[in-house]
2 protein chains.
Amino acid sequence: MNMYTPLRQQIERFVKLSDAEWNMLLPHLEIRKIRKHDRFAEEGEKAHEIGFVLEGMFRHFYIHQGEERTTYFYFENHFITSYISCITGQPSQLTIEALSDATLIVFPYRVLAGFFEINLNWQKFGRLIAEYLAIGLEERMVGLLTLSPEERYLELIQGNKKKIIERIPQHYIANYLGITPVSMSRIRNRVLKK
Amino acid sequence: MNMYTPLRQQIERFVKLSDAEWNMLLPHLEIRKIRKHDRFAEEGEKAHEIGFVLEGMFRHFYIHQGEERTTYFYFENHFITSYISCITGQPSQLTIEALSDATLIVFPYRVLAGFFEINLNWQKFGRLIAEYLAIGLEERMVGLLTLSPEERYLELIQGNKKKIIERIPQHYIANYLGITPVSMSRIRNRVLKK
DNA sequence: GCTTTTTATTATCTTTTGTTATCGTTTTGA
DNA sequence: TCAAAACGATAACAAAAGATAATAAAAAGC
């Protein structure tokens with residue numbers, strides 16, 4: 001049991017790794033401390049690193065007409081990266097910012113990409129991660145298309161996303177639900193009275 | 001050049017296949033004709049097939065409070081399947097319906113899944129397909145979260161999704177944009193006057 | 001500990017959207 | 001070919017959301 005154990009455990013929720021396979025990655029890992037408000041990825045810059053959150057939390061946001069629109073949150077034991085920038089090589093559209101002081105395990109995407117090409121098991125990990133992402137995005141999209149803002153709020157407070165409600169400032173959550181902070185406050189008020 | 005060539009070409013936009021690799025798949029392919037309004041996948045049933053559209057078009061929809069909500073369209077040279085049902089093994093949440101008479105190449109998902117486990121190149125194909133999906137879903141989600149319905153409509157008619165506007169009934173497009181058909185009609189009217 | 005900044009609520013006003021219904025037009029299928 | 005169904009535009013009204021501003025409470029930073 002060391003600093004890196006949570007990362008291995010998380011990877012092994014997707015594929016079992018032999019010690020040899022794990023040792024391929026180990027030398028490339030780095031522990032990085034990040035202060036609140038610091039950024040892990042920046043809009044306009046190519047992302048080339050993957051982070052794994054040991055402590056702390058993050059949000060990611062897009063900039064639309066000069067305004068930040070927060071669309072996702074990350075907590076302990078999750079990966080953070082501008083995934084699309086990594087896989088396409090294009091500049092990132094999104095910025096990832098620490099919402100608290102945080103500790104990450106960091107490694108370069110190109111190391112992982114290298115493993116993909118030579119090892120079936122790592123390639124499979126790449127597939128399963130992408131599938132995991134796609135499933136999450138699909139669910140999210142369907143919610144946005146088929147539920148009203150109030151229904152989305154109710155789903156959030158009743159569902160398995162408790163961490164978000166408990167730990168994230170409300171105006172960011174409003175963004176996440178696709179509404180304004182004022183509107184969210186009204187919805188809370190409405191829901192309370194029922 | 002035969003019936004199956006478009007499928008091979010499409011796969012090879014993701015990974016180059018040796019003839020040997022292509023021949024792994026070939027014996028499992030089937031040509032299937034589908035009539036307008038027929039279904040390729042059905043809500044509540046486990047999906048186990050992947051289709052590739054040779055001719056025709058499809059929509060997929062979810063059922064929310066008894067109403068169909070169309071969220072995506074498929075045209076020639078695209079894959080259709082309840083992807084999430086295939087990879088999770090859970091019953092499909094969505095239904096795929098032909099919007100015109102159509103011709104498909106069909107093969108079982110389990111065949112592909114078998115290839116994943118024994119061939120690095122096919123495994124890579126699986127990863128790249130999932131990544132492709134994730135990128136599309138992410139773009140879509142960001143549009144829903146950051147653009148107004150009118151902006152989404154403008155993006156649709158100006159962007160590279162011309163096929164949708166040209167070939168799909170308007171009330172389905174309204175669903176796709178996350179608004180009601182009536183609201184979409186108003187937006188069209190507003191946009192026209194500018 | 002105290003000031004500044006951030007955050008959430010509330011009120012007002014305007015705009016947009018949803019709902020329902022009506023009415024031509026087009027498409028479909030028997 | 002002809003009746004039925006599907007489709008799109010529009011109107012009227014209600015409900016909800018956006019924009020803005022004022023205020024209060026909480027958190028952050030020095």
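Letters A, B, ... mirror the listed sequences (proteins, then strands); counts begin at 1.
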Measure [atom1]/[X] against [atom2]/[N] and give the value in whole Å, please.
X        : N      : atom1 : atom2 : result
A:Arg59  : C:dT6  : CZ    : P     : 12 Å
A:Tyr153 : C:dA8  : OH    : P     : 11 Å
A:Arg190 : C:dT10 : CZ    : P     : 13 Å
B:Glu150 : C:dG18 : CD    : P     : 13 Å
A:Ile187 : C:dT9  : CD1   : C1'   : 14 Å
B:Asn189 : C:dT17 : CG    : C1'   : 15 Å

Closer than 4.0 angstrom, basic N to acidic O: yes or no for [X] and [Y]?
X        : Y        : value
B:Arg127 : A:Glu131 : no
B:Arg167 : B:Glu76  : yes
B:Glu68  : B:Arg59  : yes
A:Glu155 : A:Lys161 : no

To check you understand the geometry: which heavy-atom pair defines the closest contact between [X] and [Y], and what is its length?
X        : Y        : value
A:Tyr83  : A:Gly126 : OH-O, 4.5 Å
B:Ile11  : B:Phe79  : CG1-CZ, 4.1 Å
A:Met3   : A:Ile105 : O-CD1, 3.8 Å
B:Leu177 : B:Arg152 : O-NH2, 2.8 Å

Estimated bend of the helix from C:dG1-D:dC30 to C:dA30-D:dT1 (axis per five terminal pairs, rounded to 10 degrees):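 Rounded value for the end-axis angle: 70°.
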Distance under 4.0 Å to a non-hydrogen atom of chain A counts as contact; along DNA chain D, which nucleotides mark the start and end?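 Contact boundaries, 5' end first: D:dA17 to D:dA28.
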Rounded to the nearest 0.5 Å, how far does OG of B:Ser183 lie from OH of B:Tyr153?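 With rounding to 0.5 Å, OH (B:Tyr153) is 12.0 Å from OG (B:Ser183).
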Can you tell me how far apart OG (B:Ser85) and NE2 (B:His48) are? Round to the nearest 0.5 Å.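 Result: 10.0 Å between the selected atoms.
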Less than 6.0 Å separating the ring centroids of A:Phe58 and A:His78?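 No, the ring of A:Phe58 stays outside the 6.0 Å limit from the ring of A:His78, centre to centre.
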Ring centres of B:Tyr176 and B:Phe73 under 6.0 Å apart?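 So the answer is yes for these two rings.
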Classify A:Arg186 by what it touches in the nucleic acid, base, sugar-phosphate, or nothing, heavy-atom distance under 4.0 Å.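 Answer is base: heavy atoms of A:Arg186 come under 4.0 Å of a base.
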May I ask you to decide if B:Lys36's main-chain N or O and B:Asp101's side chain share a donor-acceptor pair within less than 3.5 Å?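 Yes; judged by distance alone, with no hydrogens or angles, the pair exists.
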Counting distance only, does the side-chain N/O of B:Asn175 pair as donor-acceptor with the main-chain N or O of B:Thr71 below 3.5 Å?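 Not confirmed, B:Asn175 side chain does not pair with B:Thr71 backbone.
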For a quick check, with a 4.0 angstrom heavy-atom cut-off, what is the B/S/- contact string for nucleotides 25-30 of chain C, read 5' to 3'? ---SS-
Please check if atom CD in A:Glu12 has more than 12 non-hydrogen atoms from other residues, nucleotides or ligands closer than 6.0 Å.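 Count over threshold, so yes.
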Can you pull out the residues from residues 169-177 of chain B that lie within a 4.0 Å heavy-atom distance of DNA chain D?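 Listed by number, they are B:Pro169, B:Gln170, B:His171.
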Show me, pair by pair, the donor-acceptor contacts under 3.5 angstrom made by side chains of residues 22-34 of chain A, not counting sequence neighbours?
unit_1  : atom_1 : unit_2  : atom_2 : d
A:Asn23 : ND2    : A:Asp19 : O      : 3.1
A:His28 : ND1    : A:Met24 : O      : 3.3
A:Glu30 : OE1    : A:Arg32 : NH2    : 3.4
A:Glu30 : OE2    : A:Arg32 : NE     : 3.1
A:Glu30 : OE2    : A:Arg32 : NH2    : 3.3
A:Arg32 : NH1    : A:Glu49 : OE1    : 3.0
A:Arg32 : NH2    : A:Glu49 : OE1    : 3.4
A:Arg32 : NH2    : A:Glu49 : OE2    : 2.8

Please list, in numerical order, the residues of residues 178-185 of chain A that have a heavy atom closer than 4.0 Å to any atom of DNA chain C.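 Residues of residues 178-185 of chain A that come under 4.0 Å of DNA chain C are, in numerical order, A:Val182, A:Ser185.
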